[in-house]
There are 2 protein chains.
Amino acid sequence: MKDFPSPPPGMKANVLHPLCPSRQVLQHLTSRWGALILVALAGKTLRFSELRRALGDVSDRMLAQTLQGLEADGMVTRVAHDVVPPHVDYSLTEIGEEAAGLVQGLAAWVERRLPEILTGRVEPSQHC
Amino acid sequence: MKDFPSPPPGMKANVLHPLCPSRQVLQHLTSRWGALILVALAGKTLRFSELRRALGDVSDRMLAQTLQGLEADGMVTRVAHDVVPPHVDYSLTEIGEEAAGLVQGLAAWVERRLPEILTGRVEPSQHC
DNA sequence: GGAAGTACCTACATTTTGGTAAGTATCCAC
DNA sequence: GTGGATACTTACCAAAATGTAGGTACTTCC
């Protein structure tokens, strides 16, 4: 889950191939909560519970898990202040901010095109 | 699977929220085979079996299913020539080509940053 | 006649992903 | 001393995504 299985040696470097490490990073960035966390954290620092409130309906489990994944990918920085009650700050790294921008860009494009997509279906599966 | 559950009325239009239709489109575009199909089809027309060979290890089932999803989203056009043996051509629509470009862009960015991401982990979960 | 190619579909099994509920340790307010 | 807040973890489950194996209907090639 956190280690990247190296692709078979003979394989051509196809970024999108399921076995390619970059593919897994992509999955993390576009996963259900990964994307949300990225944009929630863009330009800000939030602590665990703030993030949970910002996202609305995440479970503790998924929030922690997704944050760990993004941290392992070098997208978020975790800083734990050793006090009680615990206080942990999450923020984006430089590449995390970049990733957030890209994900947000893709999402914005989808949103813009949504009318066409939903009504879309210009040619519904025709015979010649 | 093919219909978009409308988000609850009071919900703020968060593009990335799991319940938002745009989110589902995003999922289709970044799904395991969806992304691969988009780039394989970029600028080309391929038939079912050509696509399968191009992707290498897709199952018939997933290929057919993913293609149908993308067709429903207005990303790919399916043209069946009514001959025997069957011959079906798949190609991208205009927004399909756009989507392919964006997905490819994101993938390329991940690939460029991969060295940093993999070795990355600049600050591994520190205490203050 | 038998095998292979075409573009699928269906039922079933497995894998992955996500959710729920509970527990942990410590402190503060009541 | 009970309850809440904090940031998690673990065990267990449900749902979704994906894979496997087989079938279909028709043709051409050997």
*Asks:* Would you indicate whether the side-chain heavy atoms of Tyr90(B) and Leu63(B) approach each other to under 4.5 Å?
*Replies:*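 No, side chains not in contact.
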
*Asks:* Using whole Å, report how far CZ of Arg52(B) lies from C1' of dG5(C).
*Replies:*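 Result: 9 Å.
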
*Asks:* Taking 4.0 Å as the cut-off, does a side-chain nitrogen or oxygen of Arg61(A) come that near to OP1 or OP2 on dC8(D)?
*Replies:*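 So the side chain of Arg61(A) is outside the cut-off, no N or O lying under 4.0 Å from OP1 or OP2 of dC8(D).
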
*Asks:* Rounding to an integer number of Å, can you tell me how far His81(A) NE2 sits from dT26(C) P?
*Replies:*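 Answer to the nearest Å: 20 Å.
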
*Asks:* Hey, are Arg113(A) and Glu116(A) close enough for a salt bridge, meaning a charged N less than 4.0 Å from a carboxylate O?
*Replies:*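 Salt bridge: yes.
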
*Asks:* Separation of Met62(B) atom CE from dC9(C) atom C1', in whole Å?
*Replies:*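 About 14 Å, once rounded to whole Å.
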
*Asks:* Nearest-nucleotide wise, let me know which of His87(A) and Ser31(B) is further upstream toward the 5' end of DNA chain D.
*Replies:*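 That would be His87(A).
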
*Asks:* Does dA7(C) have OP1 or OP2 sitting under 4.0 Å from an N or O in the side chain of Arg47(B)?
*Replies:*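 So the side chain of Arg47(B) is within the cut-off, an N or O lying under 4.0 Å from OP1 or OP2 of dA7(C).
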
*Asks:* Would you mind telling me which residue lines up with the more 5' stretch of DNA chain C, Thr66(A) or Pro85(A), judged by nearest nucleotide?
*Replies:*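 Closer to the 5' end of DNA chain C: Thr66(A).
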
*Asks:* Is the distance from OP1 or OP2 of dC8(C) to the nearest side-chain N or O of Gln68(B) less than 4.0 Å?
*Replies:*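 No, Gln68(B) has no side-chain N/O under 4.0 Å of OP1/OP2 on dC8(C).
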
*Asks:* Would you indicate, yes or no, if dT20(D) has its OP1 or OP2 atom less than 4.0 angstrom from a side-chain nitrogen or oxygen of Ser59(B)?
*Replies:*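 No, Ser59(B) has no side-chain N/O under 4.0 Å of OP1/OP2 on dT20(D).
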
*Asks:* Figure out the CG/C1' separation between Leu55(A) and dA7(D), and round it to whole Å.
*Replies:*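 Whole-Å distance recorded here is 16 Å.
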
*Asks:* dT10(D) C1' sits how many Å from Leu63(A) CG, rounded?
*Replies:*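 It is 17 Å, rounded to the nearest whole Å.
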
